[in-house]
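Encoded as structure tokens, the structure appears first; notes follow it.
Since the structure is predicted, the reported quantities are computational estimates derived from the model, not experimental observations.
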Amino acid sequence: AADKHRKWWGWFRAKWFHIANVVALMVTILVTGSRGAALAAMMSFLIIIAKSKRKILLFSLVAITVFGLWSTMPESAKERFRIMGTEEDYTGQNRIELWRCGMEMALDKPIFGVGMDNFLPSIQRYHCAGAEVPHNIFILAVSEMGFPGLIIFVIVIIQAFGSNRKVRKILQSADRDPFLWNLSHG
């Protein structure tokens with residue numbers, strides 16, 4: 001009976017942990033108006049729906065959530081979504097310029113890059129508009145550390161996914177705690 005209680009409690013904690021994270025994510029997107037986070041959340045929801053046994057229920061919940069968020073979102077945030085990808089989208093156009101600049105840095109200094117934390121100081125040398133980071137970790141890595149640094153960075157990311165997969169296998173072979181099992185899936 002104690003084992004059954006432990007498994008039920010783990011399942012309960014896992015479900016509420018994920019629900020709390022989704023609510024926190026939605027509130028954060030609502031408050032910040034982050035378009036990238038909203039697109040990532042939508043893609044995540046679509047993947048979850050595709051893998052779910054309860055597609056209609058989940059799709060309905062996502063649709064209701066999106067409608068609720070959109071109706072409570074400030075007009076300024078809605079406008080940012082409406083102009084996304086157009087010439088009026090200053091933020092998007094600025095990021096594309098910063099990405100171009102970062103790739104120019106990488107091609108100019110392919111082995112060592114411009115050096116760690118030197119993206120911003122190097123912008124003026126490469127005649128780039130804006131004074132912020134490119135909001136793309138891979139372009140930042142290749143521009144600051146060169147192509148060898150980018151390769152090492154990608155290997156570290158792949159290793160992290162590999163380690164997480166090993167943890168899931170260990171949890172699966174053991175008397176798995178549903179909370180830890182779900183947590184290992186991110």
Side-chain angles (χ1 to χ4, degrees), residues 13-52 54-103 105-106 116-117 119-120 123 128-145 149-150 153-165 167-168 179-186:
R13 286 187 328 191
K15 293 295 179 189
W16 282 104
F17 178 78
H18 288 302
I19 290 169
N21 279 323
V22 168
V23 169
L25 174 68
M26 294 299 110
V27 169
T28 302
I29 290 171
L30 180 64
V31 170
T32 64
S34 173
R35 299 172 295 180
L39 290 173
M42 285 306 298
M43 287 307 298
S44 297
F45 289 145
L46 290 175
I47 291 168
I48 290 168
I49 290 168
K51 290 184 169 195
S52 174
R54 299 177 179 152
K55 289 177 179 33
I56 295 173
L57 175 66
L58 276 177
F59 182 79
S60 301
L61 286 172
V62 168
I64 290 168
T65 302
V66 168
F67 177 76
L69 283 173
W70 186 259
S71 61
T72 57
M73 190 178 282
E75 279 303 315
S76 60
K78 288 181 186 177
E79 185 61 23
R80 289 188 67 215
F81 279 94
R82 286 187 192 109
I83 65 170
M84 188 166 55
T86 67
E87 292 291 324
E88 299 173 51
D89 183 7
Y90 169 77
T91 305
Q93 297 300 320
N94 188 42
R95 286 186 185 168
I96 291 170
E97 172 65 14
L98 289 167
W99 295 349
R100 183 202 59 75
C101 187
M103 289 309 298
M105 290 178 201
M116 292 300 294
D117 293 329
F119 184 87
L120 289 176
I123 284 178
C128 296
E132 57 183 300
V133 294
H135 292 274
N136 182 318
I137 192 68
F138 300 102
I139 290 177
L140 186 63
V142 74
S143 65
E144 291 187 344
M145 300 183 293
L150 175 64
F153 179 68
V154 169
I155 289 170
V156 168
I157 292 172
I158 292 168
Q159 289 285 336
F161 278 101
S163 294
N164 197 358
R165 185 178 213 174
V167 167
R168 280 196 305 273
F179 179 71
L180 294 176
W181 169 256
N182 284 306
L183 192 60
S184 73
H185 281 85

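- Counting only heavy atoms from C-beta outward, the side chains of C128 and E97 approach each other to under 4.5 Å.
- Contact between V142 and M103 at its shortest, heavy atoms only, is CG1-SD, 4.1 Å.
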Start with the C-alpha gap between T65 and F45, add the side-chain angles, then the distance that decides, and say whether side chain to side chain contact (heavy atoms under 4.5 Å, CB included) holds.
-> CA-CA 11 Å; T65 302; F45 289 145; 5.6 Å; no

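- When side chains are defined from C-beta on, I155 counts as touching Q159, because their heavy atoms get closer than 4.5 Å.
- Looking at L98 and V133, their side chains never come closer than 4.5 Å, going by heavy atoms from C-beta outward.
- For the residue pair A41 and M26, the shortest heavy atom distance occurs at CB-CE, 3.9 Å.
- Distance CE/M42 to CD1/I49: 7.0 Å, rounded to 0.5 Å.
- Atom-to-atom distance recorded for I139:CD1 and E144:CD is 12.0 Å, nearest 0.5 angstrom.
- In terms of heavy atoms, W99 sits closest to P134 at NE1-O, 2.6 Å.
- Taking all atoms of both residues into account, the shortest heavy-atom contact from S143 to G102 is CB-O, 3.3 Å.
- When all heavy atoms of K55 and A50 are compared, the pair lying nearest together is NZ-O, 3.0 Å.
- Scanning for side chain to side chain donor-acceptor pair (under 3.5 Å) contacts around R165 gives an empty result, with sequence neighbours left out.
- Shown here are the side-chain contact (heavy atoms from CB on, under 4.5 Å) partners of F138, two or more places apart in sequence or in another chain: N136, L150, F153, V154, I157.
- Atom OG of S52 is separated from atom CG of L57 by 7.5 Å, given to the nearest 0.5 angstrom.
- Of all heavy-atom pairs between T72 and G68, the closest is OG1-O, 3.0 Å.
- Residues E132 and N94 meet the side-chain proximity criterion, which asks for heavy atoms closer than 4.5 Å.
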